[in-house]
Amino acid sequence: EGPCYTQKLEIEARVFPNPTRAEFSIIIGGLTDENIEIQIYSESGQLLFTHRDRSAETQLTLEMNSTALAAGIYFIRIIANEHQKVVRLT
């Protein structure tokens, strides 16, 4: 390790319960004072929901309601500065 050493940080994301019927939680970890954007996409790639937030903590928990979503497969894309993570929701 020297002056050129860089540490690669990655965000972590969990969605539960999964599968879900009504409400679910998204727990995002590995944050370092970051702007966060949550996007929910249908299986066909249609953007259905966007939420923006800022986290000064290392972990952020969001409670979501899925009653407006039809039964199916969805993808939750989490963007935190230059890091991205996609989680499947059924």
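The number of heavy-atom neighbours closer than 6.0 Å to CD of Gln84, taken from other residues, nucleotides and ligands shown, is above 12. Other residues, nucleotides and ligands place no more than 12 heavy atoms under 6.0 Å from the CZ atom of Arg21.
Side chains of Leu47 and Gln39 form a contact here, defined as non-hydrogen atoms less than 4.5 Å apart. Side chains of Tyr74 and Leu48 form a contact here, defined as non-hydrogen atoms less than 4.5 Å apart. Using a 4.5 Å heavy-atom threshold, the side chains of Phe75 and Leu89 count as separate. In this structure, Gln59 and Ile27 have side chains that are in contact, with non-hydrogen atoms separated by less than 4.5 Å.
Under a 3.5 Å cut-off, the side chain of Ser66 and the backbone N or O of Leu69 do not form any donor-acceptor pair. Not one N or O on the side chain of Asp53 forms a donor-acceptor pair closer than 3.5 Å with the backbone of Asn35.
Both Phe49 and Val15 belong to a single network of hydrophobic side chains, linked directly or stepwise wherever heavy atoms of I, L, V, M, F, W or Y lie under 4.5 Å apart. Cluster annotation: Ile28 is not connected to Phe16 through the hydrophobic network of ILVMFWY side chains, with a link wherever side-chain heavy atoms come within less than 4.5 Å. A single hydrophobic cluster is seen to contain both Val87 and Leu62, as judged by linkage of ILVMFWY side chains at heavy-atom distances under 4.5 Å, directly or through other members. Under the 4.5 Å side-chain heavy-atom criterion for Ile, Leu, Val, Met, Phe, Trp and Tyr, Phe24 and Ile78 are members of the same hydrophobic cluster.
Contact between Leu31 and Glu57 at its shortest, heavy atoms only, is CB-O, 3.5 Å. For Ala80 against Ile11, the heavy-atom pair with the smallest separation is CB-CG2, 3.9 Å. The two atoms that bring Arg52 and Thr50 nearest to each other are NH1-CG2, 3.9 Å, heavy atoms only.
We find the CD1-CZ distance between Ile76 and Arg88 to be 12.0 Å, quoted to the nearest 0.5 Å. Remark: Ile36 CD1 to Ser55 OG distance equals 5.5 Å, nearest 0.5 Å. Residue Gln46 holds its CD atom at 11.0 Å from OH of Tyr41, rounded to the nearest 0.5 Å. A distance of 8.0 Å separates CD1 in Ile40 from CD1 in Ile38, rounded to the nearest 0.5 Å.
Among the candidates Glu63, Arg14, Met64, the single residue satisfying the side chain to side chain contact (heavy atoms under 4.5 Å, CB included) test with Ile26 is Met64.
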Quick one, Asn65 with Thr67, criterion side-chain hydrogen bond (donor to acceptor under 3.5 Å, both in side chains). Give me CA distance, side-chain angles, the key distance, then yes/no. CA-CA 6 Å; Asn65 187 321; Thr67 55; 2.7 Å; yes
